[in-house]
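Below, all heavy atoms of this structure are taken into account, side chains as well, without hydrogens, waters or symmetry copies. If you're wondering where the values come from, they're calculated on a predicted model, not measured in any experiment. Throughout, a chain's letter reflects where its sequence line sits, starting with A, and its residues are numbered from 1.
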Amino acid sequence: MPHFGGNSIMKITIAEAGNHAGKEVTIGAWLANKRSSGKIAFLQLRDGSGFIQGVVVKSDVGEEIFQQAKSLTQESSLYVTGVVQEDSRSPFGYELSVTGVKVIAEAVDYPITPKEHGTEFLMDHRHLWLRSRKQHAVMKIRNEIIRATYEFFNEKGFSKVDPPILTGSAPEGTSELFHTKYFDEDAYLSQSGQLYMEAAAMALGKVFSFGPTFRAEKSKTRRHLIEFWMIEPEMAFYEFEDNLEVQEQYVSHVVQSVLKNCQLELERLGRDTSKLEHIQAPFPRITYDEALKFLHEKGFDDIQWGDDFGAPHETAIAESYQKPVFITHYPTSLKPFYMQPDPERGDVVLCADLIAPEGYGEIIGGSERIHDYELLKQRLEEHNLDLDAYKWYLELRQYGSVPHSGFGLGLERTVAWISGVEHVRESIPFPRLLNRLYP
RNA sequence: UCCGCAGUAGCUCAGUGGUAGAGCAAUCGGCUGUUAACCGAUCGGUCGCAAGUUCGAGUCUUGCCUGCGGAGCCA
């Protein structure tokens with residue numbers, strides 16, 4: 001028997017295999033799948049860093065090790081020792097010529113077999129489903145998007161600021177909030193950190209947040225989660241147009257980073273990368289009025305000025321562009337109280353939604369914020385909001401108010417779009433859905 | 001909440017009123033380059049739950065439960 005984990009054989013990860021070609025190494029791994037014949041066996045190994053095939057040849061390892069390899073069960077954990085071989089037949093470029101296998105823990109009757117499964121079954125086994133090649137690839141892309149986000153904002157001089165998750169008042173009156181108790185008081189789970197980020201921008205200039213948000217909406221579509229993650233930048237002295245430029249640069253940077261650093265993952269997902277390659281700033285912009293005219297020309301007669309766009313409308317608009325498209329200057333009545341009116345037209349606000357291509361819907365909502373104290377107070381009253389609860393927010397306009405803008409990007413929709421997965425439930429490790437709180 | 005579809009073996013499904021089926025998984029055997037490997041055999045069932053129609057219900061009717069797809073709302 002060969003030795004395992006001893007001093008003479010280096011323990012490496014699969015991702016590092018290319019640096020050890022021709023050398024004998026040990027890999028801690030799980031058995032994703034296996035195939036075998038009378039005299040050769042193929043072990044599909046994964047260790048989180050990647051996937052590699054182990055080849056066990058009976059005439060090389062002898063009867064005992066060969067029989068052991070043949071009897072391994074799916075998802076058993078192993079220390080596999082072997083020689084790293086460059087091999088053009090492997091999509092990864094390398095194989096492991098196995099010299100020995102040590103079982104750490106045997107897995108009996110792993111539920112997710114290498115065949116097709118339904119959504120309910122896979123979601124019930126989400127804790128195991130994450131191990132599959134496709135889900136692994138989506139999680140790696142999610143991680144790359146997060147990494148590229150920090151990189152982008154750090155390079156641009158932003159500071160990361162963390163708004164609270166437990167809040168006493170509703171940032172927006174529209175969405176349903178999760179209610180909880182804060183000792184004897186009522187409290188709500190945050191559905192946006194924006195108002196706090198505005199305060200932070202007055203302290204630190206350019207800031208961004210990255211955290212979970214909660215919407216108790218009975219939404220049941222491929223674009224909705226109950227708990228999802230948002231990136232919310234807020235910038236002092238940035239006006240409407242400055243805001244759009246940050247957004248298109250940020251989204252472009254994220255897409256290009258994934259293209260550069262996640263090639264294997266995109267390939268494994270079968271993503272058509274040609275549709276991502278030209279995602280470069282600037283992005284097209286159309287106003288709400290222009291979008292409405294376009295929709296009427298397309299034959300949508302179910303919508304008139306002052307109505308919000310539905311999913312079919314957004315998709316129709318997105319389909320006529322190769323890039324994400326900004327829809328700007330929505331009617332004031334459709335948008336939250338804090339958005340700055342267009343100085344040339346009081347009935348629309350300086351806002352923009354960014355609609356992703358290929359039917360993934362709105363990935364960003366943003367606007368210039370009202371910085372005039374009297375106007376903001378008036379809007380709060382118009383929306384029947386409690387002035388006491390918003391006292392601190394109004395004070396931002398009393399002490400050195402400046403023009404400022406910001407936006408919120410929905411991480412899961414962005415992951416789903418870039419990965420090309422159909423549903424946002426696959427773009428977060430443990431999705432919280434209308435009828436699912438477990439696992 | 002509304003509209004539509006579905007629930008049969010561990011998984012994916014076929015079975016439209018007359019003996020409960022297939023592929024995969026599992027178990028055993030065969031196979032020296034497999035890529036959801038393949039070939040042979042074995043094992044595997046409260047047909048979502050309840051009531052009804054019928055000589056007879058997986059199949060038809062009603063109610064309920066669960067899930068999926070979409071809508072509204074939103075990122």
Side-chain angles (χ1 to χ4, degrees), chain A residues 32-44 51-61 66 70-71 73-75 85 87-92 95 97 107-125 129 132-134 172-177 191-194 212-232 268 302 307-315 334-336 353-356 359-366 407-417 422-425 427-428 433-436:
Chain A
N33 195 10
K34 74 159 195 270
R35 284 175 280 278
S36 67
S37 68
K39 291 168 185 166
I40 189 167
F42 302 98
L43 310 178
Q44 310 303 323
F51 293 81
I52 195 169
Q53 173 164 272
V55 184
V56 189
V57 179
K58 188 177 178 181
S59 59
D60 291 349
V61 298
F66 185 73
K70 276 195 76 164
S71 67
T73 56
Q74 190 191 357
E75 286 304 318
Q85 309 276 11
D87 195 309
S88 58
R89 286 170 291 194
S90 158
F92 175 57
E95 288 189 337
S97 194
V108 179
D109 291 335
Y110 187 70
I112 304 180
T113 58
K115 289 287 168 185
E116 60 190 47
H117 299 281
T119 304
E120 185 189 5
F121 178 81
L122 289 170
M123 276 300 167
D124 284 343
H125 296 85
W129 188 23
S132 75
R133 279 180 156 81
K134 185 179 170 188
E172 299 174 37
T174 52
S175 296
E176 298 272 345
L177 294 165
Q191 60 169 0
S192 167
Q194 183 204 312
T213 50
F214 308 88
R215 306 266 167 103
E217 290 163 356
K218 308 261 183 194
S219 297
K220 202 171 137 18
T221 80
R222 68 191 188 98
R223 300 181 303 279
H224 286 88
L225 293 167
I226 304 300
E227 176 182 304
F228 66 99
W229 287 64
M230 268 209 296
I231 290 131
E232 293 185 281
R268 189 173 299 142
D302 57 335
D307 292 340
D308 208 352
F309 299 142
H313 306 120
E314 280 185 1
T315 302
L334 290 178
K335 291 293 177 182
D353 289 351
L354 186 67
I355 313 297
Y360 286 93
E362 183 186 342
I363 54 171
I364 287 180
F407 63 95
L409 173 133
L411 178 65
E412 285 74 20
R413 287 188 185 176
T414 306
V415 173
W417 163 49
E422 272 296 304
H423 199 299
V424 288
R425 67 185 162 217
S427 66
I428 186 169
L433 300 161
L434 199 50
N435 297 311
R436 182 170 294 279

Pair partner, A25(B) [Watson-Crick or wobble, under 3.5 Å] = none
Counter-base of C74(B), judged by Watson-Crick or G-U geometry with both distances under 3.5 Å =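 Because no pair has both required distances under 3.5 Å, C74(B) counts as unpaired.
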Check: Arg35(A) side chain, C31(B) base, donor-acceptor under 3.5 Å = no
State whether the distance check finds a donor on one side and an acceptor on the other, under 3.5 Å, for side chain Glu95(A) versus base G33(B).
->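 Donor-acceptor pair under 3.5 Å: yes.
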In whole angstrom, give the distance that lies between atom [atom1] of [X] and atom [atom2] of [N].
{"X": "Lys70(A)", "N": "G29(B)", "atom1": "NZ", "atom2": "P", "answer": "8 Å"}
{"X": "Arg413(A)", "N": "C74(B)", "atom1": "CZ", "atom2": "C1'", "answer": "6 Å"}
{"X": "Leu225(A)", "N": "A75(B)", "atom1": "CG", "atom2": "C1'", "answer": "10 Å"}
{"X": "Trp129(A)", "N": "C11(B)", "atom1": "CH2", "atom2": "P", "answer": "16 Å"}
{"X": "Leu434(A)", "N": "C2(B)", "atom1": "CG", "atom2": "P", "answer": "13 Å"}

Is the ring centre of Phe228(A) under 5.5 Å from the base ring centre of A75(B), and are the two planes under 30° apart, so that they stack?
->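 A stacking contact exists, since Phe228(A) sits close and nearly parallel to the base ring of A75(B).
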Kindly point out which of [options] is positioned nearest to the side chain of [X]?
{"X": "Asn435(A)", "options": "G67(B), A25(B), A36(B)", "result": "G67(B)"}
{"X": "Glu120(A)", "options": "G67(B), G69(B), U32(B)", "result": "G67(B)"}
{"X": "His224(A)", "options": "G69(B), A25(B), A75(B)", "result": "A75(B)"}

Under 4.0 Å between any heavy atoms, over every strand shown, what does [X] touch: base, sugar-phosphate, or nothing? Just pick one.
{"X": "Ala41(A)", "result": "nothing"}
{"X": "Ser59(A)", "result": "base"}
{"X": "Lys34(A)", "result": "nothing"}

Could you say whether Met123(A) or Glu314(A) is positioned toward the 5' end of RNA chain B, judged by the nucleotide with the nearest heavy atom to each?
-> Met123(A)
When you compare G7(B) with C49(B), how far apart are their P atoms, in angstrom units rounded to a whole number?
-> 13 Å
Arg413(A) (side chain) donor-acceptor with Arg223(A) (main chain) under 3.5 angstrom = yes
